[in-house]
Chemist: 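Questions regarding the structure given below will be posed in turn.
Since this is a predicted model, take the numbers as computed values, not measurements. Order of appearance sets the numbers: ligands from 1, and atoms from 1 within every ligand.
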Amino acid sequence: MRRITLTQYLIEQQRASGSVTSELRLLIEVVARACKAISHAVGKGALADVLGGAGSDNVQGEAQKKLDLISNEILIEANEWGGHLAAMVSEEMERPHVMPDTGRKGGFLLLVDPLDGSSNIDVNVSIGTIFSVLRSPPEGGAPDEKAFMQPGSKQVAAGFAVYGPQTILVLTVGNGTVGFTLDREIGSFVMTQPNIRIPADTAEYAINSSNARNWDVPVKRYIDECLAGKAGVRGKDFNTRWIASMVADVYRIITRGGIFMYPRDAKYKDGRLRLMYEANPMAMIVEQAGGAATDGKTRILDIQPTALHQRTGVVLGSKNEVERVASYFS
Ligand code: AFP
């Protein structure tokens, strides 16, 4: 069967729906190319002295890894020349990075977690890059933090790459969720999942159970019912997975179903994951694949942001399970 490449997919989307302009197509292709370069850097590991700490902290006060900064630089350099991007926000930078003036202000804003799953870098477990695309407000000069304060429902595209046994790119431009596998022989992302759909039910949950003592009652109730298995109210046994790389957990869930939970709790009162460049892009991807994504009770994409690096609770995946958790909260 002839497979199409990312470029062909984007051109088809451009023809089919006005939502993909040539400028947005350029942006997505540039980000995908950056993901190829990051995949290459990650793959070298100790051979290229890219493992370990960078000796600095990010705005969240978390120690940065060398590959966090390398990935961030790759994404900045990739997006600086095209004129398609007005500014970029990253987990690794406190302020928006305004792109050099190329004579015209780019029509888009890019928000990235350049390398998600940093705790897995040095132990050779899958990690990835998450990205979210918003329109740049037409008025005014260089975009400031205010320009980024748009709810996730305003995203025009979202995606993530997983650097695992295969390098996979998952993408939505608002017309469903699709997946590509990097063909290293030709250097192209080739479509391998033309129509990703998340099963509405599941028997597999993902949560960091070491936080159990801090959970709110509805979360504890949901997990206890999963643990009770066939003999309990759920009438079936559950399995659990926790990779600690959101990209890897979400890729598994969009492939075979499941529920991913990083809820607010007594320790992480605002939640652990970042709204703008983790929860929002993943929520768009999951909803476009027929799943659901809340902060426990509120739809993630409806949350009105107030700060670039704000955190949120996240419960996403198989629709019926996400709705069950929300019903326990209400
Ligand atoms: P890092 O990128 O700082 O490692 O965080 C990864 C992450 O944001 C997300 O990818 C994981 O699901 C989650 O944190 C893992 O959190 P725990 O280490 O508390 O399990």
Side-chain angles (χ1 to χ4, degrees), residues 35 38 41-42 50-72 74-75 89-94 111-132 158-164 168 170 204-215 219 223 240-254 258-283 285-286 291 293-296 300 308-317 322:
C35 290
I38 295 170
V42 163
V50 293
L51 300 181
S56 54
D57 288 354
N58 66 16
V59 64
Q60 342 270 346
E62 292 159 347
Q64 292 172 308
K65 302 278 188 165
K66 287 179 188 167
L67 274 169
D68 282 324
L69 299 183
I70 291 167
S71 304
N72 194 59
I74 289 172
L75 282 157
V89 154
S90 161
E91 182 188 47
E92 306 309 333
M93 301 186 295
E94 180 161 6
L111 302 98
V112 295
D113 181 352
L115 204 55
D116 175 69
S118 307
S119 64
N120 283 324
I121 292 174
D122 296 345
V123 293
N124 194 32
V125 170
S126 297
I127 47 185
T129 298
I130 310 173
F131 65 92
S132 167
F160 65 89
V162 189
Y163 311 122
I168 299 271
V170 174
E204 194 162 68
Y205 68 89
I207 193 166
N208 182 339
S209 298
S210 70
N211 295 324
R213 64 185 176 286
N214 300 322
W215 291 339
V219 173
I223 298 297
T240 185
R241 287 282 183 277
W242 185 252
I243 303 174
S245 286
M246 190 182 193
V247 289
D249 281 314
V250 171
Y251 184 70
R252 183 192 60 256
I253 288 167
I254 65 173
I259 183 169
F260 172 97
M261 302 172 78
Y262 215 121
R264 291 186 181 84
D265 62 24
K267 177 178 166 190
Y268 295 110
K269 291 184 173 44
D270 296 329
R272 166 100 158 73
L273 305 184
R274 273 64 59 148
L275 173 65
M276 299 303 289
Y277 40 80
E278 286 178 323
N280 272 344
M282 290 307 198
I285 286 160
V286 162
T294 69
D295 66 358
I300 293 271
L308 286 181
H309 301 286
Q310 76 183 65
R311 296 174 190 263
T312 179
V314 176
V315 176
L316 61 77
V322 173

Chemist: How many angstroms lie between atom CG of Asp113 and atom CZ of Phe131, to the nearest 0.5 angstrom?
Modeler: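 Rounded to the nearest 0.5 Å, the CG-CZ separation comes to 12.5 Å.
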Chemist: Quick one: which ligand 1 atoms are inside 4.0 Å of a heavy atom on Ser119?
Modeler: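 The list of qualifying atoms is 4 (O).
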Chemist: As an exercise, identify every atom of ligand 1 less than 4.0 angstrom from a heavy atom of Arg274.
Modeler: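 Listed by number with element, the hits are 8 (O).
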Chemist: In the protein, which heavy atom is nearest to atom 1 (P) of ligand 1, and how far is it?
Modeler: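 Answer, as residue, atom name and distance: Ser118 N, 3.6 Å.
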Chemist: Could you identify the single nearest non-hydrogen protein atom to atom 18 (O) of ligand 1 and state the distance to 0.1 Å?
Modeler: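 The closest heavy atom on the protein side is Arg272 NH2, 3.4 Å.
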Chemist: I'd like to check which ligand 1 atoms, numbered from 1 as shown, lie under 4.0 Å from a non-hydrogen atom of Gly117.
Modeler: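 The list of qualifying atoms is 1 (P), 2 (O), 4 (O), 6 (C).
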Chemist: With a 3.5 Å cut-off and no angle check, do the side chains of Asn214 and Tyr268 form a donor-acceptor pair?
Modeler: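 Judged by distance alone, the side chains do not pair up.
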Chemist: Tell me yes or no: between the side chains of Ser118 and Asp68, is some donor less than 3.5 Å from an acceptor?
Modeler: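 Ser118 vs Asp68: donor-acceptor pair found between side chains.
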Chemist: Side chains of Glu92 and Gln64: is there a donor and an acceptor less than 3.5 Å apart?
Modeler: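 Yes, because at least one side-chain N or O of Glu92 sits under 3.5 Å from a partner of the opposite role on Gln64.
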Chemist: Heavy-atom contact under 4.0 Å between Glu91 and ligand 1?
Modeler: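 In this structure, Glu91 fails to qualify as a contact of ligand 1 - no heavy atom is under 4.0 Å.
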Chemist: Starting from atom 19 (O) of ligand 1, which protein heavy atom do you reach first, and at what distance in Å?
Modeler: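 Protein heavy atom with the smallest distance to atom 19 (O) of ligand 1: Tyr262 OH, 2.7 Å.
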Chemist: Determine whether the side chain, the backbone, both or neither of Leu273 has a heavy atom under 4.0 Å from any heavy atom of ligand 1.
Modeler: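 It is the side chain that gets close, since no backbone atom is under 4.0 Å.
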Chemist: Enumerate the atoms of ligand 1 whose separation from the nearest heavy atom of Met246 is less than 4.0 angstrom.
Modeler: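 Per the distance check, 9 (C), 10 (O), 11 (C), 12 (O).
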Chemist: Would you please test Tyr205 and Trp242 for ring-ring contact (aromatic ring centres under 6.0 Å, His included) and show each step?
Modeler: CA-CA 8 Å; Tyr205 68 89; Trp242 185 252; over 10 Å; no
Chemist: Give me the residue, atom name and distance of the protein heavy atom closest to atom 8 (O) of ligand 1.
Modeler: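 Heavy-atom neighbour on the protein nearest atom 8 (O) of ligand 1: Glu278 OE2, 3.1 Å.
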Chemist: What's the shortest distance from atom 11 (C) of ligand 1 to any protein heavy atom, and which residue and atom give it?
Modeler: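 I find the closest protein heavy atom is Ala244 O, 3.6 Å.
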Chemist: Quick check on contacts: which atoms of ligand 1 are under 4.0 angstrom from a heavy atom of Ser245?
Modeler: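 Going through ligand 1 atom by atom, the ones under 4.0 Å from Ser245 are 10 (O).
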Chemist: Can you find a heavy atom in the side chain of Val219 that is under 4.5 Å from one in the side chain of Ile207?
Modeler: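 Yes, side chains in contact.
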Chemist: What closest approach, in Å, do Ile70 and Ala41 show between heavy atoms, and which atom pair accounts for it?
Modeler: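 Looks like CG2-CB, 4.4 Å.
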Chemist: Can you list the atoms of ligand 1 that are under 4.0 Å from a heavy atom of Phe260?
Modeler: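 So the answer, numbered in order with elements, is 12 (O).
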